[in-house]
Amino acid sequence: MEDEKTITVKLVFGGGVEVLFSNKRNQSITIPAQAPASGSHPSRPADLRYLILWMSESLLTDRKELFVDGETVRPGILVLVNDTDWELEGELDYELQKGDEVVFISTLHGG
Amino acid sequence: MPLEDYKRYGRQMILEDFGLPAQLKLRNARVLVIGAGGLGCPALQYLAAAGIGTIGIVDPDEVDVSNLHRQVLHTSLRQGWPKVLSAKAAIESINPAVHVIPHITSLNSTNAFPVISSYDIVLDCTDNPPTRYLISDACVALDKPLVSGAAIRYDGQLCVYNLPLQSGDRGPCYRCLWPTPPRQEEVGTCEEIGVLGTVTGMIGVLQAQTAIQLIVGLGPYAPNEVGVPTLLIYSALASPMFRSLKIRPKRNDCPACGREGGARELVEKGEYVALCGGMREDLEGSGKRKGQGRVGVKELEARRAEVDVLDVRSKEEFSICHLPEAHHVPLNTLLHDPLAQLSPGKDTYVMCKLGNDSQVAARALRDALGSGADRVKDVVGGLRAWSREVDQSFPMY
């Protein structure tokens, strides 16, 4: 399905975040390669900011506030790109590459 | 080292990079385990067996029968004992040479420094966010590595915070990775959402293993290694079950480890409960609160033949026990289309385990109904109240 107008990335959910996405821990999704302008952000190659927006509009099966807070994920959810903390990769501005694996995990407290 | 110990520890001493020096390091080590529950028990069991010289245990609670499926040092006969003393008794039968220091208390901002300061390594085996932030801040202030474990449902996580790096610096602290606590309603407890005993077991054993490696200097913690802060995530249901994730370095703007003295000030201020959204609501208490449209279990008993009883628990909980006449609709299904669940011409009594979800469901039903909403009631105290006040043979979990 992928062509130059779309990009396919792998999503992995854990720590309870999967409950918000049909209880599927692994999903492969194809989104527009170019993010439309939104808010103060012009049209640009798809980045994590766009992925989170797209997920909250098109993939989320539970209440929005359980996943997002403004344009980012809610506190207690950690995002990793190809097994690396997104903070090391530019966070929301990280430009998605074909085949990237993005992990969303929730902090756990039980013991 | 006593002669018998050469035999006792021989199978680990002959390991590559171990030998007598590593065993002596373990014997001289002082490890503090905070929480003697699902994570703490397996961690303590293996730390004791491996020959850690001094082990401190912090826990304010007593052994309850609902702990025993995962808190493997406690026994049926020791129900009601302080967990710390039950764990101490178990450790003494595994390895009497271990010096166990009991701390029958919860950790708080007053005792955190005096309790933690005499140990070399701290294991966070607790179950709530305020204590996790407190332990992390105290470990930053006292410069102790913190082996943090967490587990719930089928999932677990393991991370070493404040890890000494070859550069002389430290890895991130708990606040660096989780700067803002999650909202309280997003924090599930083992009592509310469940936990498999082997999952806390996996993580607790890994905490013990990590502590041993830190003490001895093995693998990623060997003195010639750079030290890469990682978060290990585990899920019994995922494939692969383990993933090791590279996490951020410490944050320069971290209120605890980003500036000199920051962590100490935070511990002294002690505003941990407020940071995490205030005192956690007692779900049994809130389920029993009187209110408009709520009925007691005695009224349910009197009218059960004529009303429609709607049970909104999960299908798993419904499978454990239910009233024979109850009609099962999980809360989420009900919220999705409330009116579809109402039987015409009958009053509806909604119930759940404790009487909290039933209030949410009843409110949704009344809102959807508009007029005639008073035909919807929910049962104060839920099935727990039923099992106490009406039918003592009704199973409760």
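Numbered from 1 within each chain, the chains take letters A, B, ... in sequence-line order.
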query: Say you draw a straight line from OH of B:Y154 to CZ of A:R25; how long is it, rounded to the nearest 0.5 Å?
result: 10.0 Å
task: Report, as yes or no, whether the 6.0 Å neighbourhood of atom CZ on A:F67 holds more than 12 heavy atoms from other residues, nucleotides or ligands.
output: yes
- request: Would you mind checking which part of B:S244 comes under 4.5 Å of any heavy atom in chain A, side chain (CB onward), backbone (N, CA, C, O), both or neither?
  value: backbone
message: If I measure from the heavy atoms of chain A, does B:P181 come under 4.5 Å with its side chain, its backbone, both, or neither?
response: backbone
- prompt: In Å, rounded to the nearest 0.5 Å, how long is the span from OG of B:S235 to CG of A:L108?
  reply: 9.5 Å
message: Under a 4.5 Å cutoff for heavy-atom pairs, which residue among B:N128, B:T200, B:T126, B:T189 has the most contacts with chain A?
response: B:T126
- request: Give a yes or no on whether the backbone of B:I247 and the side-chain of A:D85 come within a donor-acceptor separation of less than 3.5 Å.
  value: no
message: Counting only heavy atoms from other residues, nucleotides and ligands, does the tally under 6.0 Å from CD of B:E192 exceed 12?
response: yes
message: Please find the pair of heavy atoms, one from A:G110 and one from B:C190, that lie closest to each other, and give the distance.
response: CA-SG, 4.4 Å
statement: Bottom line for A:L88: the part with an atom under 4.5 Å from chain B's heavy atoms is side chain
message: Please classify the contact of B:R248 with chain A as side chain, backbone, both or neither, using a heavy-atom distance under 4.5 Å.
response: both
query: Do B:R132 side-chain atoms and A:H109 backbone N/O form a donor-acceptor pair below 3.5 Å?
result: yes
message: Does B:D253 have more than 12 heavy atoms from other residues, nucleotides or ligands lying within 6.0 Å of its CG?
response: yes
- request: With a 4.5 angstrom heavy-atom cut-off, could you sort out which part of A:V19 is near chain B: side chain, backbone, both or neither?
  value: side chain
Chain A contact via B:I233 - side chain, backbone, both or neither, heavy atoms under 4.5 Å: side chain
Nearest-0.5 Å distance that lies between atom CG in B:N332 and atom CG in A:D62: 6.0 Å
B:R183 with A:E65: basic N within carboxylate O range, under 4.0 Å: no
query: Is chain A contacted by the side chain of B:L231, its backbone, both, or neither, given a heavy-atom distance below 4.5 Å?
result: side chain
field: Side chain / backbone / both / neither for A:L80 at chain B, heavy atoms under 4.5 Å
entry: side chain
message: Counting neighbours of NE2 on B:H336 that are heavy atoms of other residues, nucleotides or ligands and sit closer than 6.0 Å, is the number greater than 12?
response: no
- prompt: Is any side-chain N of the basic residue among A:E89 and B:K246 closer than 4.0 Å to the acidic one's carboxylate O?
  reply: no
Salt bridge present between B:R243 and A:D83 (N-O < 4.0 angstrom): yes
- prompt: Going from CD1 on B:I152 to OG1 on A:T107, what distance comes out if it is rounded to the nearest 0.5 angstrom?
  reply: 10.5 Å
- request: Spell out, as yes or no, whether a donor-acceptor pair under 3.5 Å connects the side chain of B:Q157 to the backbone of A:S106.
  value: yes
field: Pairs of heavy atoms under 4.5 Å with chain A: top-ranked of B:D155, B:L39, B:I203, B:I193
entry: B:D155
- request: Report the C-alpha distance between A:L78 and B:L177 in whole Å, list the side-chain angles of each, state the deciding distance to 0.1 Å, and finish with yes or no for side-chain contact (heavy atoms from CB on, under 4.5 Å).
  value: CA-CA 8 Å; A:L78 193 64; B:L177 201 60; 4.0 Å; yes
